[in-house]
Amino acid sequence: MTEANESLNFIEQIIEDDLANGLDKKQLRFRFPPEPNGYLHIGHAAAICLNFGLGQKHSAPVNLRFDDTNPSKEEQEYVDAIRRDIQWLGFEWDTECYSSDYFQQMYDWAIQLIKNGKAYVDGQSSELMAEQKGTPTAPGKDSPHRNQSIEKNLDLFERMKSGALEEGSYVLRAKIDMGSTNMLMRDPIIYRIIKKEHHRTGGNWCIYPLYDWAHGESDYIEQISHSICTLEFKPHRELYDWFLDQIYDNSNLRPKQREFARRNLSYTIMSKRKLLELVQNKTVHGWDDPRMPTISGLRRRGYTPESITKFSEVSGISKRDSVTDVSLLEFCIREDLNKTATRVMGVLNPVKLVLTNYPEGKVEMLQAVNNPEDAASDTHEVPFSKELLIEREDFKEEAGNKFFRLTIGNEVRLKNAYIIQGESVVKDASGNITEIHCTCDLDSKSGSGTEASTRKVKGTLHWVSKQHALQAEVRVYDRLFLDEAPDSHEEKSFMDFINPASLQVIKNAYVEPFLKDASVQDKFQFQRLGYFTLDLDSSNQQLIFNKTVGLRDSWGKQNTKSAPNSSKPPVQKGIDQKNPLNEIKKISKKYTNLSGDKLNTARTNIAKLAEEVSFEDIEPLLATAAKKIGTRIGVTIALGVLLKNGQQRTENINAFIEKAVQDANELLSEEAKSIQ
RNA sequence: UGCCCGAUGGUGUAACUGGCAACACGUCUGGUUUUGGUCCAGAAGAGUCUAGGUUCGAGCCCUAGUCGGGCAACCA
């Protein structure tokens with residue numbers, strides 16, 4: 001069961017309450033109900049972790065149910081992708097279900113509804129029905145077919161089912177209340193005719209139930225105790241319950257629907273429809289493009305299941321709409337990969353470095369620790385030679401002393417190797433550096449234990465041996481959108497905010513030969529750069545890495561001038577509240593909650609602030625409601641200061657003080673007496 | 001001019017169900033470090049949308065308002 005003081009989110013609380021009120025914990029059962037019309041994304045991960053997490057916590061089964069009631073949008077490809085993603089996240093479902101498996105049962109219940117006079121067939125146009133539906137502020141009008149005979153309804157419904165009627169010509173509607181304040185209760189449609197192959201039932205049916213009819217009834221059939229969905233379904237709950245009322249049998253468990261807020265991530269979108277658009281218009285290369293917020297995109301990018309479940313955990317569950325900063329997700333993957341990723345060296349933007357005093361043709365194999373965070377980790381060998389490649393940004397001919405890298409005349413350490421000193425550069429005709437010449441302190445080899453090897457130098461650079469390095473392609477990703485909430489702008493489309501530089505392909509990066517045998521999805525830390533994952537486009541001939549996420553970079557941060565992805569400066573929203581009167585009010589409001597030192601401090605602060613206010617400021621506060629003790633005390637203290645500074649006593653003041661003196665609150669009356 | 005949700009540091013969540021607002025991310029210092037990473041130590045940052053009310057005491061309860069979101073698909 002739960003730990004004593006662990007705080008529960010409101011969904012867990014509801015379950016605890018139900019259990020406390022007599023629900024048998026053996027009856028707990030949850031479900032995750034995706035529609036197979038797209039890939040799962042990081043927002044779904046929240047729902048997956050919630051439902052499966054609840055299952056784990058209570059040892060209760062969780063069904064995976066495909067909500068496949070609309071054959072015009074759903075495909076087997078999506079079913080497969082969804083199954084794969086959930087399994088990859090590490091969750092196991094109890095039963096794999098399909099709403100389509102219940103079509104017959106739902107149909108039978110629909111007949112029952114008709115026979116009970118609770119449903120009717122309507123043959124009006126959708127335009128006409130929409131018109132009759134009214135608006136949120138105006139009630140609807142009854143359909144002319146609302147009261148036609150049960151026999152006629154049965155007959156028409158049978159003809160809908162048999163395929164005798166045209167697609168779109170007739171629907172079955174529940175007979176509820178066209179005047180309801182809830183639009184969903186205004187005789188909602190239960191069945192429509194769709195003459196299209198279904199991915200599971202093929203051509204068996206040409207009528208398909210709508211969400212509201214299918215979902216709750218599926219929950220009931222599966223005996224789901226808690227049907228958890230997102231907030232936009234809140235108004236559906238009334239209908240969910242109404243439908244259940246029609247078919248519910250006392251001997252069964254009655255599911256309940258509860259809603260939580262969907263999770264949004266900054267700088268991306270979470271709508272399956274819009275993600276599909278990105279795929280179809282080729283903005284990205286597919287649902288699993290590493291820039292996509294899909295589970296499969298994140299996986300390909302290099303995110304681990306642990307990082308995603310951790311993200312869901314720390315993000316929490318609530319009922320208010322919010323946008324979680326993508327930096328939290330990045331923190332989660334760095335945290336995981338820091339502990340697990342093998343450290344290697346790779347140079348993305350190479351420049352040649354020659355060690356002038358290192359013997360021509362000599363090759364040394366140096367030892368590199370695989371992961372300093374893991375004491376049990378092994379080492380691997382890295383070849384070292386006279387000609388190396390280093391990162392172009394790691395060298396400047398001259399630089400200030402804040403630059404901890406290579407300059408002419410300065411010493412730096414080559415990671416796992418020697419300390420070197422910059423001597424000279426070779427440039428091409430246009431002045432670009434083509435070679436950097438250095439001398440190497442041959443006594444300073446890492447791990448040799450010599451005095452030279454333990455010398456402190458200002459910086460450490462990563463490098464690869466030019467003749468041994470493997471050429472590799474590296475794909476560097478930036479956020480897909482330039483706006484924090486790209487689909488929140490009414491006047492603009494999310495497409496207007498596409499980041500044109502979201503993908504940078506580096507064709508000629510060089511990595512150490514150790515990576516020759518890396519397999520797809522292997523994750524590495526390229527030291528000083530970030531975490532990289534071998535992409536599935538790799539072959540024996542060509543290594544291709546995805547940059548999963550960079551290392552935290554306090555140096556880069558100082559140097560980038562407010563690029564689009566730098567956070568905005570803190571807003572000084574308190575500035576106009578800093579006026580002394582407001583401060584006094586603020587402090588006063590809480591005055592009676594304080595005691596001891598805090599009380600004294602508050603009193604001193606009010607008195608100090610009072611020096612800066614005039615009686616005109618204070619005067620309106622003399623009328624403060626009797627109950628606002630704190631404010632009255634604050635006013636009294638301030639008044640004391642003003643009087644001391646020569647403020648004339650007025651009738652108002654005297655009346656205020658007199659009333660305060662007589663107040664039951666001691667703090668107040670004492671304060672008032674002192675200035676009486 | 002309807003109904004239903006929601007409102008706590010920059011962001012996301014807490015607050016033992018009414019007892020002097022906590023955690024994480026982010027930001028900023030300092031220390032350690034053969035990764036400007038990690039790790040360690042510390043700091044700044046909200047008085048809980050507003051106004052009334054109930055209470056000895058309100059972020060939690062009540063009332064009204066403000067702001068944000070949802071609701072008029074034969075989508076889910």
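Being a predicted model, the structure only gives us computed values, none of them experimental. Just so you know, these numbers use all the heavy atoms, side chains as well, and skip hydrogens, waters and symmetry mates. Proteins get letters first, then strands, A, B, ... in listed order; numbering begins at 1 in each.
Residue contacts for A:Gln13: at a heavy-atom cut-off of 4.0 Å it reaches a base atom on one of the strands shown. Looking at heavy-atom distances under 4.0 Å, A:Val457 makes no contact with the nucleic acid at all. At the heavy-atom level, A:Ser126 lies under 4.0 Å from base atoms of the strands shown. A:Gln132 comes within 4.0 angstrom of nothing in the nucleic acid, heavy atoms only. No engagement by A:Arg273 is indicated, since no non-hydrogen atom pair under 4.0 Å with the nucleic acid exists. Contacts of A:Pro372 with the nucleic acid, taken as non-hydrogen atoms under 4.0 Å apart, include base atoms. Residue-level contact check: A:Glu35 touches the backbone only, with heavy atoms under 4.0 Å from sugar-phosphate atoms and none from bases. Using a 4.0 Å heavy-atom distance criterion, A:Lys310 is classed as making no nucleic acid contact. When heavy atoms are screened at a 4.0 angstrom cut-off, A:Ile317 is found touching the sugar-phosphate backbone but no base atom.
At whole-Å resolution of the value, NE2 in A:His236 and P in B:rC4 are 16 Å apart. A:Lys458 places its NZ atom 16 Å from the P atom of B:rU35, with the value rounded to the nearest Å. Summarising the geometry, the separation between CD on A:Glu330 and P on B:rU11 is reported as 18 Å, rounded to the nearest angstrom. Taking atom CD1 of A:Ile333 as the reference point, atom P of B:rC25 lies 16 Å away to the nearest angstrom. Whole-Å rounding puts the A:Trp555 CH2 to B:rG37 C1' distance at 16 Å. What separates CZ of A:Arg343 from C1' of B:rU38 is a distance of 7 Å, to the nearest Å. Between the CG atom of A:Leu551 and the P atom of B:rC39 there is a distance of 11 Å, given to the nearest Å. Rounded to whole angstrom, the span from the CD atom of A:Glu391 across to the C1' atom of B:rG37 amounts to 15 Å.
Salt-bridge check for A:Lys319 with A:Glu259: failed, with every basic side-chain N at 4.0 Å or more from each acidic carboxylate O. A salt bridge does not link A:Asp187 to A:Lys133: none of the charged nitrogens lies less than 4.0 Å from a carboxylate oxygen. Taking 4.0 Å as the cut-off between side-chain N and carboxylate O, A:Arg528 and A:Asp394 count as a salt-bridged pair. In summary, A:Lys445 and A:Glu364 engage in a salt bridge, as defined by a charged side-chain N under 4.0 Å from a carboxylate O.
Of the residues listed (A:Gln527, A:Glu391, A:Arg405), the one engaging A:Leu461 in a side chain to side chain contact (heavy atoms under 4.5 Å, CB included) is A:Arg405, and it is the only one.
The phosphate of B:rU1 has neither OP1 nor OP2 within less than 4.0 Å of any side-chain N or O from A:Thr137.
For B:rG37, the base has no donor-acceptor partner in the side chain of A:Arg334 [N/O atoms by modelled type, under 3.5 angstrom]. Looking at A:Glu313, its side chain has no donor and acceptor atom pair within 3.5 Å of the base of B:rG12.
Using atom C1' as the reference point in both B:rU29 and B:rA15, the two lie 29 Å apart (nearest Å). Taking the P atoms as reference points, B:rA44 lies 47 Å from B:rG2, given to the whole Å.
Of the residues near RNA chain B, A:Ser315 and A:Phe331, the one whose nearest nucleotide (by heavy atom distance) lies more toward the 5' end is A:Ser315.
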Where do N or O atoms of nucleotides 65-73 of chain B meet protein N or O atoms at under 3.5 Å, pair by pair?
from, atom 1, to, atom 2, distance (Å)
B:rG69, O2', A:Asp321, OD2, 3.2

Close N/O contacts between protein and nucleotides 31-34 of chain B (under 3.5 Å):
from, atom 1, to, atom 2, distance (Å)
B:rU34, OP2, A:Lys456, NZ, 3.2
B:rU34, O2', A:Lys415, NZ, 3.0
B:rU34, O2, A:Asn416, N, 3.2
B:rU34, N3, A:Ser446, OG, 2.3
B:rU34, O4, A:Arg413, NH1, 3.3
B:rU34, O4, A:Ser446, N, 3.4
B:rU34, O4, A:Ser446, OG, 2.0
B:rU34, O4, A:Gly447, N, 3.3

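Helical stems in RNA chain B, defined as runs of 3 or more consecutive Watson-Crick or G-U wobble pairs with donor-acceptor distances under 3.5 Å: B:2-7 with B:66-71, B:10-13 with B:22-25, B:27-31 with B:39-43, B:49-53 with B:61-65.
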